[in-house]
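Okay, so here's the structure we're looking at.
Start at 1 with the first residue, then count along the sequence. Quantities reported herein were computed from a predicted structural model and do not represent experimental measurements. First listed ligand is number 1; within each ligand, the first listed atom is number 1.
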Amino acid sequence: MTENLKIDKSLSDEEIYKQILPQIESLINPDEPLVSNLSNVTALLKDAFGKISWVGFYLFNRDKLFLGPFQGKVACSVIDLCRGVCGTSASKKETIIVDDVHKFQGHIACDSGSNSEIVIPIIKGNDILGVLDLDSYNYSAFNEVDKFYLERICKLLANKFSFKSILL
Ligand code: SME
């Protein structure tokens with residue numbers, strides 16, 4: 001499957017998102033386990049954008065966020081709701097863009113090299129299912145273009161999967 005992905009990395013971020021969105025739509029398969037699908041989404045995003053140092057999912061269960069499929073360095077495995085950028089995004093149910101993580105009070109530094117971050121909540125109805133978290137070694141790596149397309153990817157995942165059975 002991977003060899004069929006087509007990503008022209010010389011294009012702008014917006015053009016890259018336009019290329020990968022239909023590929024993500026055809027890559028994800030609701031008949032296969034959620035863990036397999038989320039793993040491939042992280043691999044595709046990490047492959048598509050050189051600016052990403054870490055990309056992964058945290059999945060909501062019992063008032064906490066638990067580390068899910070990711071690409072990058074070892075990360076903290078549990079985040080309390082309201083803690084860090086991830087917990088804040090999950091509790092507010094809104095996307096948070098952080099241009100400089102060192103200025104975000106409560107930021108959880110899993111990789112000391114990370115300088116900026118975006119976290120997108122995955123929401124179904126009124127329920128929080130998890131978050132998609134992307135880090136970069138660049139400052140101000142993420143903007144409204146990332147927010148727009150990553151929210152579309154998270155909506156797609158929320159529509160296709162229940163997110164109930166991945167955490168035991
Ligand atoms: N920085 C995140 C924690 C997760 S790591 O970036 C992978 C936060 O503050 O919630």
Side-chain angles (χ1 to χ4, degrees), residues 7 9 13 16-17 20 24 27-28 33-124 126-158 161 163-164 166-168:
I7 305 168
K9 295 179 189 173
D13 284 359
I16 292 176
Y17 278 115
I20 64 173
I24 287 180
L27 185 66
I28 61 176
L34 177 60
V35 66
S36 314
N37 283 281
L38 297 186
S39 299
N40 264 337
V41 171
T42 63
L44 191 147
L45 287 171
K46 184 82 162 62
D47 193 23
F49 295 101
K51 67 183 182 180
I52 296 174
S53 57
W54 193 96
V55 50
F57 291 92
Y58 279 92
L59 302 166
F60 183 68
N61 193 28
R62 292 178 280 122
D63 297 329
K64 292 183 192 298
L65 293 166
F66 291 90
L67 183 62
F70 71 96
Q71 298 268 315
K73 289 187 180 175
V74 169
C76 49
S77 51
V78 190
I79 298 176
D80 287 329
L81 218 55
C82 300
R83 282 206 60 230
V85 188
C86 291
T88 306
S89 170
S91 59
K92 290 188 170 173
K93 294 179 186 157
E94 62 188 42
T95 296
I96 298 181
I97 297 172
V98 184
D99 289 333
D100 179 350
V101 296
H102 311 289
K103 293 182 178 161
F104 187 96
Q105 193 164 12
H107 169 256
I108 302 164
C110 294
D111 177 351
S112 60
S114 174
N115 284 315
S116 65
E117 180 164 4
I118 183 170
V119 179
I120 303 93
I122 304 169
I123 303 162
K124 186 175 271 186
N126 205 33
D127 295 334
I128 182 77
L129 306 177
V131 299
L132 173 60
D133 179 17
L134 295 89
D135 292 342
S136 179
Y137 290 159
N138 304 336
Y139 288 95
S140 305
F142 305 105
N143 55 35
E144 292 298 315
V145 169
D146 300 282
K147 177 178 187 287
F148 178 79
Y149 287 97
L150 294 170
E151 284 180 350
R152 284 185 62 174
I153 292 168
C154 288
K155 278 199 184 85
L156 183 70
L157 292 169
F161 298 97
F163 279 73
K164 293 279 183 228
I166 192 171
L167 298 169
L168 301 176

- Message: Closer than 4.0 Å to some heavy atom of Tyr58 - which atoms of ligand 1 meet that?
- Response: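 Near Tyr58, the atoms of ligand 1 are 4 (C), 7 (C).
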
- Item | Ligand-side contact atoms (ligand 1) for residue partner Trp54, heavy atom cut-off under 4.0 Å |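 Those atoms are 7 (C).
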
- Compute whether any side-chain donor of one residue and acceptor of the other, for Tyr139 and Asn115, lie under 3.5 angstrom apart.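 A pair is found: one side chain offers a donor N or O, the other an acceptor, under 3.5 Å apart.
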
- Message: What verdict does the side chain to side chain donor-acceptor pair (under 3.5 Å) test give for Glu94 and Ser89, after you've listed the backbone C-alpha separation in whole Å, the side-chain angles of each residue and the deciding distance to 0.1 Å?
- Response: CA-CA 5 Å; Glu94 62 188 42; Ser89 170; over 6 Å; no

Using a heavy-atom cut-off of under 4.0 Å, does the side chain or the backbone of [X] touch ligand 1, or both, or neither?
X	result
Cys86	both
Phe104	neither
Asp133	side chain

To check you understand the geometry: which heavy-atom pair defines the closest contact between [X] and [Y], and what is its length?
X	Y	answer
Pro69	Val35	CG-O, 3.8 Å
Tyr58	Cys110	OH-SG, 4.5 Å
Ser116	Phe142	O-CE1, 4.0 Å

- Message: Which residue in the set Leu150, Leu132, Ile118, Val119 passes side chain to side chain contact (heavy atoms under 4.5 Å, CB included) when paired with Thr95?
- Response: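 Testing Thr95 for a side chain to side chain contact (heavy atoms under 4.5 Å, CB included) against Leu150, Leu132, Ile118, Val119 leaves exactly one candidate, Ile118.
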
- Going by heavy atoms in the side chains, are Val41 and Ile28 under 4.5 Å from each other? yes

Taking distance alone, with no angle check, do [X] and ligand 1 share an N/O pair under 3.5 Å?
X	answer
Ile79	no
Gly87	no
Asp135	yes
Val85	yes
Glu117	yes
His107	yes

- Query: Identify the closest protein heavy atom to atom 3 (C) of ligand 1: which residue and atom is it, and at what distance?
  - Reply: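 I find the closest protein heavy atom is Ile108 O, 3.5 Å.
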
- Item | Nearest neighbour in protein (non-hydrogen) for atom 5 (S) of ligand 1 | Cys110 SG, 3.2 Å

- Atom NZ of Lys93: over 12 foreign heavy atoms under 6.0 Å: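 Count over threshold, so yes.
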
- Message: A quick test of your reading: do over 12 heavy atoms of other residues, nucleotides or ligands sit less than 6.0 Å from NZ of Lys124?
- Response: yes

- If you measure from each heavy atom of Phe70 to ligand 1, is any distance below 4.0 Å?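 Phe70 does not count as a contact of ligand 1 under the 4.0 Å cut-off.
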
